[in-house]
Amino acid sequence: MNVDTLRKTIWLLVLVLVQVLILNHVHLFGVATPLLYIYFIMLFQRNYPRWAIMLWGFAMGLLIDIFANTPGVTCGTMTLMALIQPYLLRPFIPRDSAEDLQPGIRTLGTASFSYYALLMVLIFCIVFFTLEMFSFFNILFWLECVGGSTILTYLLILAIENVRR
């Protein structure tokens, strides 16, 4: 097992434990829940194999689904986000960057990383809450969940990224 795989495994386990033990019990105003585990998919390098990103996303989604009792919702959403991550990252990468660039404030710059993080979190929350509710009967509640969770997750990711920097 190489160092990169070990580091990603530890990072996956830490994020799963934080999400399951702490963040799943935070519900601001009854609608906003921080979904920090999307940060794991956001940090994959530029030319990381797509099949490997999807496998990591599926594994993390499966672990979250097992412990959070959301059958298939997180697994499907994380696999989708792993599929589109390279395409969402491409517009924010500088032209003269390295082939193995890892997204972050330090490498992309504050503005580019902020837009990239917001786009990833917004798409994730839209898909996640659409699959979770599986109905647009109560569209206002869906919008509150998507909006609140997007803002809360986005702020948490920016705070962690600033600490990591």
Side-chain angles (χ1 to χ4, degrees), residues 1-26 32-94 97-110 112-129 131-132 149-165:
M1 180 181 287
N2 62 16
V3 175
D4 184 50
T5 306
L6 183 64
R7 187 178 299 138
K8 286 193 185 323
T9 304
I10 291 171
W11 191 231
L12 179 135
L13 292 175
V14 166
L15 283 175
V16 167
L17 286 173
V18 166
Q19 183 67 42
V20 170
L21 296 176
I22 299 169
L23 297 178
N24 277 352
H25 302 289
V26 174
T33 303
L35 304 168
L36 185 62
Y37 48 89
I38 185 63
Y39 188 54
F40 180 73
I41 294 295
M42 289 175 54
L43 294 182
F44 275 98
Q45 298 171 349
R46 180 181 186 180
N47 286 333
Y48 205 80
R50 287 193 180 106
W51 65 269
I53 299 174
M54 289 181 64
L55 193 61
W56 280 107
F58 179 81
M60 178 168 246
L62 187 63
L63 285 172
I64 297 288
D65 279 339
I66 288 170
F67 292 114
N69 199 20
T70 54
V73 174
T74 308
C75 194
T77 308
M78 287 295 286
T79 306
L80 175 71
M81 294 311 295
L83 177 69
I84 65 174
Q85 185 263 352
Y87 301 110
L88 293 178
L89 178 62
R90 190 173 296 143
F92 300 105
I93 295 177
S97 63
E99 290 297 318
D100 61 344
L101 175 101
Q102 183 176 6
I105 286 181
R106 189 178 328 142
T107 56
L108 296 179
T110 305
S112 291
F113 182 78
S114 297
Y115 291 135
Y116 167 65
L118 184 62
L119 186 62
M120 285 284 288
V121 171
L122 181 64
I123 292 172
F124 177 78
C125 286
I126 288 171
V127 172
F128 180 82
F129 286 108
L131 288 176
E132 186 181 46
S149 295
T150 299
I151 291 169
L152 197 56
T153 304
Y154 175 68
L155 293 175
L156 195 57
I157 286 173
L158 287 182
I160 290 172
E161 188 63 30
N162 279 325
V163 169
R164 282 186 62 208
R165 182 171 64 156

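By the 6.0 Å contact criterion, CZ on Phe67 is open, its count of non-hydrogen atoms from other residues, nucleotides or ligands being 12 or less. Counted within 6.0 Å of CG on Asn69, heavy atoms from surrounding residues, nucleotides or ligands total 12 or fewer; the atom is thus considered open. The neighbour count for Tyr115 OH, taken as heavy atoms of other residues, nucleotides or ligands under 6.0 Å away, does not exceed 12. Phe58 CZ: 12 or fewer foreign heavy atoms inside a 6.0 Å radius.
Taken from CZ in Arg90 to CG in Leu88, the straight-line distance is 10.0 Å, to the nearest 0.5 Å. Annotation: the span from Leu152 atom CG to Leu36 atom CG amounts to 10.0 Å, rounded to 0.5 Å. Taken from CD1 in Ile160 to CG in Leu155, the straight-line distance is 11.5 Å, to the nearest 0.5 Å. Going from atom CG of Leu15 over to atom CD1 of Ile64 covers 8.0 Å, rounded to the nearest 0.5 Å. Atoms CG and CZ, on Leu12 and Phe40 in that order, are 4.5 Å from each other to the nearest 0.5 Å. Separating the CD atom in Gln45 from the NZ atom in Lys8 is a distance of 5.5 Å, to the nearest 0.5 Å.
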**Request:** Would you please test Arg50 and Leu83 for side-chain contact (heavy atoms from CB on, under 4.5 Å) and show each step?
**Result:** CA-CA 7 Å; Arg50 287 193 180 106; Leu83 177 69; 5.7 Å; no

**Asked** Taking it one step at a time, do Tyr48 and Asp4 satisfy side-chain contact (heavy atoms from CB on, under 4.5 Å)?
**Response** CA-CA 11 Å; Tyr48 205 80; Asp4 184 50; 3.6 Å; yes

**Asked** Is there a side-chain contact (heavy atoms from CB on, under 4.5 Å) between Tyr37 and Phe124 once you walk through the steps?
**Response** CA-CA 10 Å; Tyr37 48 89; Phe124 177 78; 3.3 Å; yes

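Of all heavy-atom pairs between Met42 and Met120, the closest is CG-CE, 3.8 Å. Shortest non-hydrogen contact noted between Val20 and Asn24 is CA-ND2, 3.8 Å. Contact record, Ala117 with Ile157: CB-CG2, 4.4 Å, taken as the closest heavy-atom pair. Taking each heavy atom of Leu35 and Thr153 in turn, the nearest pair found is N-OG1, 2.9 Å. Of all the heavy atoms in Leu108 and Ile93, the pair that sits closest is CD2-CA, 4.1 Å. The minimum heavy-atom distance linking Met78 with Gly57 is given by the pair CB-O, 3.2 Å.
Looking only at distances, no side-chain donor or acceptor of Thr74 sits under 3.5 Å from a matching main-chain atom of Asp65. Checking side-chain atoms of Thr107 against main-chain N and O of Leu101 turns up no donor-acceptor pair under 3.5 Å. No donor-acceptor distance shorter than 3.5 angstrom exists from the side chain of Glu161 to the backbone of Gly104, with no hydrogens or angles considered.
Using cut-offs of 30° and 60° for the angle between ring planes, the Tyr39 and Trp11 rings count as perpendicular.
When Cys125, Pro34, Ser114 are each tested for a side chain to side chain contact (heavy atoms under 4.5 Å, CB included) with Tyr154, only one passes: Ser114. Of the candidates Leu80, Ile126, Val73, Thr70, Val73 is the only one forming a side chain to side chain contact (heavy atoms under 4.5 Å, CB included) with Leu131.
In this structure, Phe92 and Leu119 have side chains that are in contact, with non-hydrogen atoms separated by less than 4.5 Å.
Each side-chain hydrogen bond (donor to acceptor under 3.5 Å, both in side chains) pair with one or both residues in residues 79-88, not counting sequence neighbours, appears once here: Gln85-Tyr116.
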